[in-house]
Engineer: 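After the structure tokens below, expect a handful of questions from me.
Only heavy atoms go into these numbers, but all of them, side chains included; no hydrogens, no water, no symmetry mates. As the structure is a computational prediction, the values presented were derived from the model and not from experiment.
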Amino acid sequence: MKETYELIIRNGDVVLPGEVRKLDIAVKNGKIAALGEKLPVDPDTRVIDAEGQYVLPGMIDMHVHFNEPALGHWEGFRSGSAALAAGGCTCYADMPLNGNPPTVNKAALQLKTEAAAGNSAVDYVLWGGLVPGNLEDLEELAAAGVTGFKAFISNPGGEGEGRFREVDDDTLFQGMKKIAGFGGILALHAESEEITAVLSADAVRSGRTTARDFAASRPAEAELEAVARALLYSERTGCRLHFVHISTAAAINMIHEAKLRGLDVSAETCPHYLVLNENSLEELGALAKCAPPLRSPEEQEKLWKVLADGRIDLIASDHSPCPPELKLDPGLNFFEAWGGISGAQSSLELMFHEGVNVRGLPVTQIAALLAEQPARRFGLDHRKGSIKLGLDADLVLLNPDHSYILGAEDLYYRHKHSPYAGMTLSCKVTATISRGAVVYTSADGLLIDDGGQWLRVNEGQPSL
Ligand SMILES: NC(=O)NC(NC(N)=O)C(=O)[O-]
Ligand SMILES: [Zn+2]
Ligand SMILES: [Zn+2]
């Protein structure tokens, strides 16, 4: 019997694990059903011509803050996921902060899932949080389907009683023991609270509040010390550990060495540490403020080097936006402005532009960092992350040779500001396909904004 397909993508340069081949991709029931040459077309089959374009696995962005419930006016599932779809992302992980209540118990998870349901353009997973006082909630959260737990070693910012709190050492250690007990994973913001708090207070007290003063208040040592401490705890507790937004090559190397010793640890960095640096922080102001801060151009080069050497596991956006008045009000000094970069829509284009077009890295390596490796690390690889028979047809078409200036009006964010607005990019996402449905094209914009589903994970074992 002749196969009938709902969609065929013709003649693209298909980015498979480790190789690129000119192939057709056929989709049936939202899954990749055939890969081959000149696949048969039926009158009902939709055909997309991808001649001259790359077809990549959709990005999996493991680190975004969409801030619902309560802070949907900062971002929100609808606007945030629309931006991701426009940027070639087909699955993401929402952080347990800065929404209120933070996702630190089952009741809060329920509110989070209600806020997300029916409001996402693409599929998603959810992080729970580890905070002082919620040790007894962790296992229940895991059973309810969170992907893992997020903790902060330094103060996450935010206001009010209900805000997400950083962990003390005892909470971190006990939490890691518990998480190890049920086979979960901890994601960690690794900066020393002791170092950053003292240096920040000193700087503010003596009126040193410029962009460079802010960067100096969160030095590389703050990251290295926190990473070293967490690696020790991982070794002692057996807890799987994922370091979010690592900003220095030295920390990446420390994590790499721990892996070689047999620890189950991984490292993420973000496009902003690779395409921006301290000079950008001075030029762009608080738009480019984040923690850990952007580093020196020399440090930026070292990060590219460890990336090229395969020492970084994955790239995520750490999209953490806010309303403009909390960042761009000229009355705010650099320490007062919100820390967090608005960039979720640009990850793939930035990494392809700078990584492949400027620096000549293989496109397969970019696909591994953005899709394959995050899928494998977080138990999504039986559904997502690569272009393989039987997996979800989560695909992105990218024109590798299309120069354009990213305009603020192109951004789907709730607040259309980003340090990348105004930048000239040498490539463009032209279509994003989620489980076989075309959710975005550069010609027509966002087409479907509510088809995303929560991919629940149970006890570290995916049951999606
Ligand atoms: N409260 C936040 O969203 N913080 C985030 N902010 C950054 N990275 O500047 C983060 O991930 O740490
Ligand atoms: Zn963080
Ligand atoms: Zn973050």
Engineer: According to salt bridge (Lys or Arg N to Asp or Glu O under 4.0 Å), who are the partners of Glu278, at least two apart in sequence or on a separate chain?
Structural biologist: Arg212
Engineer: How long is the span from the CG atom in Leu84 to the OG atom in Ser120, to the nearest 0.5 Å?
Structural biologist: 8.0 Å
Engineer: If only atom types and distance count, is the side chain of Asp61 paired as donor or acceptor with the main-chain N or O of Ala316 below 3.5 Å?
Structural biologist: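 Between the backbone of Ala316 and the side chain of Asp61 there is no qualifying donor-acceptor contact (under 3.5 Å).
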Engineer: Testing Val55, Val27, Ile9 one by one against Ile433 for a side-chain contact (heavy atoms from CB on, under 4.5 Å), which residue passes?
Structural biologist: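 In the set Val55, Val27, Ile9, the residue that makes a side-chain contact (heavy atoms from CB on, under 4.5 Å) with Ile433 is Ile9.
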Engineer: Could you walk me through whether Asp137 and Lys106 pass the salt bridge (charged side-chain N to carboxylate O under 4.0 Å, His left out) test, one step at a time?
Structural biologist: CA-CA 7 Å; Asp137 293 292; Lys106 214 174 150 191; over 6 Å; no
Engineer: Using the six-membered ring wherever Trp is involved, compare the ring planes of Phe77 and Tyr92 and label them parallel, tilted or perpendicular (cut-offs 30° and 60°).
Structural biologist: tilted
Engineer: Is the backbone of Leu39 close enough, under 3.5 Å, to the side chain of Arg10 for a donor and an acceptor to pair up by distance?
Structural biologist: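 Yes; at least one donor-acceptor contact below 3.5 Å.
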Engineer: Whether the side chain of Thr269 engages the backbone of Ile246 through a donor-acceptor N/O pair (distance < 3.5 Å, no angle test) should be reported.
Structural biologist: yes
Engineer: For a 4.5 angstrom cut-off between non-hydrogen side-chain atoms, does Phe164 reach Met95?
Structural biologist: no
Engineer: Could you tell me whether Lys22 and Glu51 have a side-chain N and a carboxylate O separated by less than 4.0 Å?
Structural biologist: yes
Engineer: Compare every heavy atom of Cys270 with every heavy atom of His245, then report the nearest pair and how far apart it is.
Structural biologist: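 Nearest pair, atom of His245 first, then Cys270: CB-SG, 3.4 Å.
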Engineer: Output every pair passing ring-ring contact (aromatic ring centres under 6.0 Å, His included) with a member in residues 5-30, not counting sequence neighbours, ordered by first then second residue.
Structural biologist: none
Engineer: Which heavy atom in Gly145 sits nearest to a heavy atom in Trp454, and how many Å separate them?
Structural biologist: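 Scanning both residues completely, I find the closest heavy atoms to be O-CZ2, 3.7 Å.
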Engineer: Can you tell whether the side chains of Glu354 and Arg359 come within less than 4.0 Å, N to carboxylate O?
Structural biologist: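 Looking at Arg359 together with Glu354, the answer is yes, because their closest N to O distance falls below 4.0 Å.
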Engineer: In a check of side-chain hydrogen bond (donor to acceptor under 3.5 Å, both in side chains) between Asn277 and each of Gln300, Arg295, Glu301, which one passes?
Structural biologist: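 Checked Gln300, Arg295, Glu301 against Asn277; only one passes side-chain hydrogen bond (donor to acceptor under 3.5 Å, both in side chains): Gln300.
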Engineer: Between Lys416 (side chain) and Ala408 (backbone), is there a donor-acceptor pair under 3.5 Å?
Structural biologist: no
Engineer: Flag the pair Lys428 and Asp410 as a salt bridge only when some basic side-chain nitrogen lies within less than 4.0 angstrom of an acidic carboxylate oxygen.
Structural biologist: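 Salt bridge absent between Lys428 and Asp410.
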Engineer: When you look at CG of Asp401, are more than 12 heavy atoms from neighbouring residues, nucleotides or ligands closer to it than 6.0 Å?
Structural biologist: no
Engineer: Using a strict threshold of under 4.0 Å (side-chain N to carboxylate O), is an ion pair present between Glu257 and Arg311?
Structural biologist: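 No salt bridge links Arg311 with Glu257.
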Engineer: Side chains of Asn357 and Ser426: any donor to acceptor distance under 3.5 Å?
Structural biologist: yes
Engineer: Check whether any side-chain N or O of Ser342 sits under 3.5 Å from a backbone N or O of Ser418 as a donor-acceptor pair, and report yes or no.
Structural biologist: no
Engineer: Check this for me: does any side-chain nitrogen of one of Asp392 and Lys31 sit under 4.0 Å from a carboxylate oxygen of the other?
Structural biologist: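 A salt bridge links Asp392 with Lys31.
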Engineer: What's the spacing between Leu274 CG and Leu294 CG if we round to 0.5 Å?
Structural biologist: 10.5 Å
Engineer: Please check this pair: side chain of Ser386 against backbone of Lys388, looking for a donor-acceptor N/O pair closer than 3.5 Å.
Structural biologist: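 The answer is no, because no donor-acceptor pair under 3.5 Å joins these two groups.
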Engineer: Checking His415 side chain against His73 main chain: does a donor-acceptor pair fall under 3.5 Å?
Structural biologist: yes
Engineer: Just checking Glu37: does its CD atom have more than 12 heavy atoms from other residues, nucleotides or ligands closer to it than 6.0 angstrom?
Structural biologist: no
Engineer: How long is the span from the CG atom in Leu281 to the CG atom in Leu276, to the nearest 0.5 Å?
Structural biologist: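 Between Leu281 CG and Leu276 CG, I get 9.0 Å after rounding to 0.5 Å.
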Engineer: State whether a side-chain donor-acceptor pair under 3.5 Å links Thr430 with Asn399.
Structural biologist: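 Checked: Thr430/Asn399 side chains show no N/O donor-acceptor pair below 3.5 Å.
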Engineer: Does Lys112 come within less than 4.0 Å of Asp94, counting only side-chain N to carboxylate O?
Structural biologist: yes
Engineer: Please check this pair: side chain of Asn100 against backbone of Ala70, looking for a donor-acceptor N/O pair closer than 3.5 Å.
Structural biologist: no
Engineer: Quiz question: by atom type and distance under 3.5 Å, do the side chains of His65 and Asp318 form a donor-acceptor pair?
Structural biologist: yes
Engineer: Could you tell me how the ring of His402 sits relative to the ring of Tyr404: parallel (under 30°), tilted (30 to 60°) or perpendicular (over 60°)?
Structural biologist: perpendicular
Engineer: For Lys302, does the NZ atom sit with more than 12 other heavy atoms under 6.0 Å from it, leaving out its own atoms?
Structural biologist: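 Check fails, neighbour count at 12 or below.
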Engineer: Mind checking the OG1-CZ spacing from Thr147 to Arg377? Nearest 0.5 Å is all I need.
Structural biologist: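 Going from the OG1 atom of Thr147 to the CZ atom of Arg377 covers 12.5 Å.
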Engineer: Is there a donor-acceptor pair under 3.5 Å between the side chain of Arg78 and the backbone N or O of Gly118?
Structural biologist: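 Pair found, side chain donor or acceptor close to backbone of Gly118.
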